[in-house]
Amino acid sequence: MELRDKLETKFRLDLNQKKALHRLKIFSVADLLFHFPVRYSDISEVKKIVELVPGDIATIYGKVSKLKTKKAFRSRISMAEGEIEDLSGKIKITWFNQAYLAKMIHDGENVKLTGKVTQGKNGIYLANPEFEKMPDMPIDSHHSLFKPPLSGNFLSDKAVTTREVEKNFQTAKGFSYPVYAETRGITSKWFYHAIEKILKEKTLDKIEDYIPDEILKKYHLPTLKTALIWIHKPKNKNDAESARKRFAFEEVFCIQLERQHDKFEYRKNKSFQIKSNKKEVEEFLERFPFDATNSQKKSIETILDNMAKNFPMSRLLEGDVGSGKTAVAATVAYVTVKQRPQDKNGKLQTFGSLQTAYMAPTEILATQHFESFIEYFAHLPINVGLITGSGCRKFPSKTNPTSWTTISRAQLLKWVANGEIPILIGTHALIQKTVKFKNLALVVIDEQHRFGTAQRRKLVRKPARAGGDNIAPHLLSMTATPIPRTLALTIYGDLDLSLLDEMPAGRKQIITEIITPDKRDQTYVKIRQELKNGRQLYVICPRIFEPDPEKEMTLNVKSVTEEVKRLKKEIFPEYEIGVLHSKMSKEKKEKVMQEFTEGKINILCATSVVEVGVNVPNATVIVIEGAERFGLAQLHQLRGRVIRSTHQAYCYVFAEAKSEKTMGRLKALKTAKNGFELAELDLTLRGAGELGGTKQWGITDLGMEAIKNIKMVEAARTEAIALIEEDFELKKYPLLKSKVKQKTSEFHFE
């Protein structure tokens with residue numbers, strides 16, 4: 001059996017099995033071998049039904065009966081029900097959205113079930129259990145239930161030889177039963193026996209490892225052959241951990257190689273060498289209405305040092321909402337546009353200036369930055385342009401030097417192309433082919449995670465100057481989304497990191513309160529007092545509209561459309577309430593935001609669309625409904641909307657769920673010192689998979705688990721940098737190059 005063989009040529013597959021394997025993207029023997037177990041089942045942990053308590057993930061054995069299919073009363077979703085009985089008692093079984101399972105098992109059959117014990121109105125039941133038919137009782141010899149975590153001490157495990165593994169494998173048959181990700185038509189049991197057949201046929205004898213041997217030895221990682229045996233047929237817990245650790249390292253290593261290759265590829269370009277004058281920088285910073293923090297000064301110094309080199313900078317600036325990222329970007333842009341461009345020989349030209357492009361994810365935010373830059377550069381003879389889907393603007397106006405004027409797109413593009421507009425701010429409109437620069441030296445991307453990799457690349461790959469010259473602009477990406485350090489080092493491995501971990505002086509610490517349903521009324525009294533004092537309020541809801549009971553489950557989740565009616569009728573009838581959500585047109589959004597900014601709207605009821613790009617200093621109170629449905633990092637960013645002034649700010653987190661785990665997670669909002677600490681906590685509490693994983697970046701759950709391990713991430717990064725510096729195109733490592741290409745086709749760092 002060869003790795004490249006198609007499964008249908010080696011296994012007898014019925015139509016349902018073929019469809020199921022295709023859904024899981026498993027087509028070849030190799031695909032099957034790399035479909036790893038999600039955990040391992042163990043009968044030593046089997047419980048009697050009488051011992052079960054709510055919250056347990058339990059494995060039980062018994063006889064099933066009363067199997068039937070039905071539709072849920074309210075949501076009308078299809079489901080299967082039944083009972084399982086052992087010598088100690090019986091418990092109800094419920095499979096939601098899997099009614100077909102009732103037809104796959106028959107009354108009277110012996111089964112092994114593993115699922116979550118859940119408390120219902122009529123007692124406990126087993127929810128969505130995995131099952132295996134057990135025709136022969138007593139129980140078979142599979143044992144050892146555990147979900148192996150990655151080793152915390154990445155560098156301490158001893159190396160093992162392939163010979164030892166093969167010896168262990170022969171004596172370890174039947175030690176543990178792996179549980180795989182399943183889909184309708186295929187079960188864990190099928191995977192177990194199919195993979196066992198592959199291993200028995202010595203398929204792995206010819207397999208070559210793509211990770212260099214010296215790296216495996218350095219970090220005590222098993223070889224590819226060893227790891228594949230251990231992950232499917234571990235002799236003990238350590239075997240499984242070592243195998244998972246190897247594949248986790250491999251995934252992060254491949255990401256790092258791709259990111260470092262991108263970084264070195266970009267650095268092969270020339271860039272404009274931007275020289276800074278310390279005195280001029282200090283004078284510009286004095287124009288801001290606050291004193292620059294030490295972290296701002298340090299970031300500016302680091303960025304300007306990078307930009308003085310003859311290769312382009314690639315840097316990510318992280319900072320909480322309100323920490324002053326825009327001020328850093330404006331200062332760097334000021335230094336850039338103050339400098340005259342160089343000619344092909346590196347000599348300064350006698351006229352003109354270098355240019356800056358500043359891209360923001362929304363029109364609201366782009367317009368906001370345009371207005372801020374007008375203030376920052378009002379004392380200088382520097383033109384600032386704005387380009388969005390709705391139109392173009394230019395500051396200063398030729399008729400009125402203290403204001404901006406609306407101009408045609410054609411006129412704006414002409415002035416940008418001939419260098420008359422040194423600073424151009426915009427949305428995605430900036431990356432259009434029609435936007436051409438004369439001397440583009442700096443690209444700033446705000447809230448960079450809102451743009452796809454391709455969009456970011458389009459802007460930084462724009463010719464910096466007509467005629468090319470292989471000159472690339474410096475890149476400064478910025479984000480207010482708190483990112484755990486390990487995640488930033490991996491996902492944004494091609495960028496150097498700068499942190500703004502201080503807030504401007506005079507900002508008061510936001511008062512955050514977790515509000516349970518019984519405290520709602522007295523909280524509204526406190527909010528009314530703030531409104532009476534002239535302040536404004538955000539109310540954030542998880543949904544836009546109420547759910548359709550005919551199409552989806554009715555959840556106790558507040559929607560913007562209904563909450564605005566309730567607030568107007570029952571709570572704040574005397575105040576003007578506005579609505580903002582993603583389904584509204586750009587014009588309506590802008591009108592609402594303008595009215596809220598001008599104070600014509602007292603309360604803004606919105607979805608998390610306000611998470612980015614809303615700056616209203618007078619809004620000092622925020623209510624977040626259904627807070628348990630948001631991640632900690634997102635909650636932190638939402639409350640950042642109300643710390644834009646020196647007034648005392650309040651965040652009221654309204655939670656419906658009362659579980660200890662949920663309340664403990666939300667209370668972290670009160671104890672964490674900053675967004676970075678909160679992001680690390682979020683990663684620990686919620687699990688890496690819940691942070692995005694496959695959905696957001698194409699990284700497997702195993703890879704996301706690896707990202708929790710700082711030693712592993714740093715090791716993978718170190719080795720990737722060394723390898724790329726030694727062999728940029730990986731010509732000495734063709735198998736590794738092929739693997740990186742395969743893995744990176746699965747990644748999408750959007």
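Partners of Phe572 according to the ring-ring contact (aromatic ring centres under 6.0 Å, His included) rule, which considers only residues two or more places apart in sequence or in another chain, are Tyr524. Under the ring-ring contact (aromatic ring centres under 6.0 Å, His included) criterion, His636 pairs with no residue at all, not counting sequence neighbours. Under the side-chain hydrogen bond (donor to acceptor under 3.5 Å, both in side chains) criterion, Glu363 pairs with Ser390, Lys586, not counting sequence neighbours. By the ring-ring contact (aromatic ring centres under 6.0 Å, His included) test, Phe395 pairs with no residue at all, sequence neighbours left out. For the side-chain hydrogen bond (donor to acceptor under 3.5 Å, both in side chains) test, residues two or more places apart in sequence or in another chain that qualify with Lys600 are Glu598.
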Practice item. Evaluate the criterion ring-ring contact (aromatic ring centres under 6.0 Å, His included) for residue pair Tyr538 and Phe596; output intermediate values, then yes/no. Key: CA-CA 10 Å; Tyr538 291 106; Phe596 189 55; 5.2 Å; yes
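In terms of modelled atom types and a separation under 3.5 Å, the side chain of Gln296 and the main chain of Thr293 share a donor-acceptor contact.
Ring centers of Phe370 and Phe373: at least 6.0 Å apart, outside the cut-off.
Atom NZ of Lys558 and atom CZ of Arg543 lie 13.5 Å apart (nearest 0.5 Å). With rounding to the nearest 0.5 angstrom, the CD atom of Gln648 is 4.0 Å from the CD1 atom of Ile511.
A 4.5 Å side-chain heavy-atom check between Pro396 and Asn383 finds at least one atom pair inside the cut-off. Counting heavy atoms from C-beta on, the side chains of Cys651 and Ile624 come closer than 4.5 Å. For the pair Leu638/Ser608, a side-chain contact is recorded, criterion being any heavy-atom separation below 4.5 Å from C-beta on. Looking only at side-chain heavy atoms (C-beta outward), Thr302 and Asp496 stay at 4.5 Å or farther from each other. Within the 4.5 Å cutoff, no side-chain heavy atoms of Val623 are placed close to those of Ile540.
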Tell me which donor-acceptor pairs under 3.5 Å the side chains of residues 409-417 have, and how far apart each pair is, sequence neighbours excluded?
| unit_1 | atom_1 | unit_2 | atom_2 | d |
| --- | --- | --- | --- | --- |
| Arg409 | NH2 | Thr388 | O | 2.9 |

